[in-house]
Amino acid sequence: MKYISTRGSGMPLDSAEAIIRGLAGDGGLFVPEEIPTVSLEFIRGLSGLSYEERAEKVLGMFLTDFTSEELETCVKGAYGGGKFDHAARAPLSIFDDVSVLELWHGPTSAFKDMALQLLPRLMSTALKKTGEKAEVLILVATSGDTGKAALEGFRDVEQTRILVFYPEDGVSRIQRLQMLTQQGGNVKVIAVKGNFDDAQNGVKRIFGDAAFGEKLLEKNVKLSSANSINWGRLVPQIVYYFSAYADLLAAERIRPGDEIDFTVPTGNFGDILAAYYAKRMGLPIHKLVCASNANHVLTDFLRRGVYDRNRSFFKTITPSMDILISSNLERLLYHVTGDAAKVRGWMEELKQTGRYDVGAEVLASIQELFWADFVDDEQTKAEIRRIYDDRKYVPDTHTAVAWAVAEHYRRQVEHDHAMVVVSTASPYKFNASVLSALEVPAEGLDEFELLDALREKSGMAIPRGLDSLRTAEILHKDVCEKERMEADVFSFVP
Ligand SMILES: *Cc1c(COP(=O)(O)O)cnc(C)c1O
């Protein structure tokens with residue numbers, strides 16, 4: 001299987017090459033030239049398999065230039081070895097009316113682990129396969145979750161190193177501790193004096209500096225990024241939609257071939273796009289419900305066909321969905337239209353004017369599969385309370401957004417299909433907001449007291465990775481000026 005750019009230029013590439021490059025040369029995203037399909041027999045066969053075995057089967061259809069031994073090693077490294085605190089890796093909690101696909105049992109308690117545990121291993125294998133001798137240096141600017149998940153994923157992965165910049169005063173104490181205690185021989189974490197934009201702009205400046213890139217190349221180092229436009233970060237996410245279906249079959253909640261709905265809390269459109277690929281492959285999906293917060297640029301787009309980022313930006317209690325440009329939407333537009341010139345035009349308009357209109361016909365074909373709605377912070381908190389009161393289950397804020405929107409869909413449209421709510425973070429990752437929703441007094445508590453208070457209320461075990469921070473050793477103490485990030489990058493390479 002070959003990969004091409006959504007904007008039409010360049011030669012088709014193997015997946016290994018697409019994963020190493022990350023972004024296509026014309027600024028587009030890599031997409032598979034055609035989407036493989038599977039039979040119902042294939043899907044039924046997944047029910048008896050482990051998560052790792054399910055992953056090998058699904059990945060093997062997209063990463064055809066990897067051998068099955070290579071995929072097996074990557075998958076076992078990513079999901080095995082006791083890194084996930086649940087035997088099912090991505091377990092399904094089944095209630096009478098909905099099921100919840102829990103994607104946060106990995107080392108950093110957020111769904112980013114599902115992809116960021118596998119991407120580094122795919123990349124390292126890709127470097128070997130293609131005979132690339134340079135070392136890859138992953139640069140990340142983070143406002144919290146992605147940095148830690150990327151560090152944990154790349155730690156001690158051959159032929160790679162990772163440097164994470166975070167804003168000195170811009171992350172929560174738990175998030176800072178998660179990063180400052182990071183172990184691994186190829187990792188470094190540096191605080192930037194400034195806010196998230198300062199850190200992000202510094203990283204962008206470095207990526208855009210060709211002369212700096214040359215200097216690194218002399219040391220046999222190439223820069224790359226771990227963000228969600230890389231195909232190697234998207235493809236692992238297709239697996240858990242198949243896995244959820246297989247689990248519903250095994251639990252006899254559905255019969256083979258029954259269509260189901262998924263509701264996905266959406267930011268950069270990566271997670272829900274993975275479900276789109278699953279549907280195109282033949283997984284029986286009826287609707288994909290796209291859930292947003294007050295930054296509902298996607299709800300508006302999916303209702304009206306106009307993408308317009310010219311609007312106010314809100315900071316919400318679901319920070320991972322506070323996004324006005326959803327990069328992965330470009331891939332959907334390509335697959336729906338098959339027209340790279342059109343996609344290129346829309347992306348150019350987005351850049352110039354912040355807006356584009358796909359027209360009635362394209363909108364209609366998107367709406368055959370997608371439905372969208374949003375809730376604000378107050379509704380999100382009310383939903384956490386409702387879910388807790390009804391069934392003593394405590395969702396994180398992002399999951400609660402999805403759950404509330406799933407309810408809207410079932411009330412306003414239909415409830416004939418089994419509904420799966422995709423749960424993207426452990427409630428412990430957003431404990432202050434969750435406790436406030438549950439009306440637990442938390443005034444003046446430090447981060448660890450918050451963990452304890454949530455354990456008391458929820459009865460859920462505190463994730464190991466967070467609990468162990470109480471005693472973990474601080475390993476990274478560097479601080480740098482925002483103008484001097486280049487020097488730190490340079491001193492980190494061998
Ligand atoms: C990243 C993230 C999302 C959004 O996922 P996208 O793939 O960007 O749409 C939702 N919830 C949480 C907790 C996340 O970390």
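As the structure lists them, so they are numbered: ligands from 1, and atoms in each ligand from 1. These numbers were taken from a predicted model, which means no experiment stands behind them. These numbers come from the heavy atoms of this one structure, side chains and all, not from hydrogens, waters or symmetry mates.
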May I ask you to establish whether Arg161 and Phe154 are in a cation-pi arrangement, using a distance under 6.0 Å from NZ or CZ to the six-membered ring centre and at most 45° from the ring axis? no

Please give me the minimum heavy-atom distance between Arg233 and Ala226, naming the atom from each residue. NH1-O, 2.8 Å

I'd like a table of the close N/O pairs between ligand 1 and the protein (anything under 3.5 Å), one pair per line with both atom names and the distance.
from, atom 1, to, atom 2, distance (Å)
ligand 1, 7 (O), Gly270, N, 3.2
ligand 1, 7 (O), Asp271, N, 2.9
ligand 1, 8 (O), Asn268, N, 2.7
ligand 1, 9 (O), Gly267, N, 2.8
ligand 1, 9 (O), Asn268, N, 3.2
ligand 1, 9 (O), Phe269, N, 3.1
ligand 1, 11 (N), Thr424, OG1, 2.8
ligand 1, 15 (O), Lys112, NZ, 2.6
ligand 1, 15 (O), Ser320, OG, 3.3

Show every side-chain hydrogen bond (donor to acceptor under 3.5 Å, both in side chains) that has at least one partner inside residues 458-467, sequence neighbours left out. Asp467-Arg470

Listed partners of Arg344 passing salt bridge (charged side-chain N to carboxylate O under 4.0 Å, His left out), at least two apart: none

Any Lys/Arg nitrogen of Glu52 or Arg89 sitting under 4.0 Å from an Asp/Glu carboxylate oxygen of the other? yes

With sequence neighbours left out, what residues match Trp231 under ring-ring contact (aromatic ring centres under 6.0 Å, His included)? Tyr3, Phe62, Tyr277

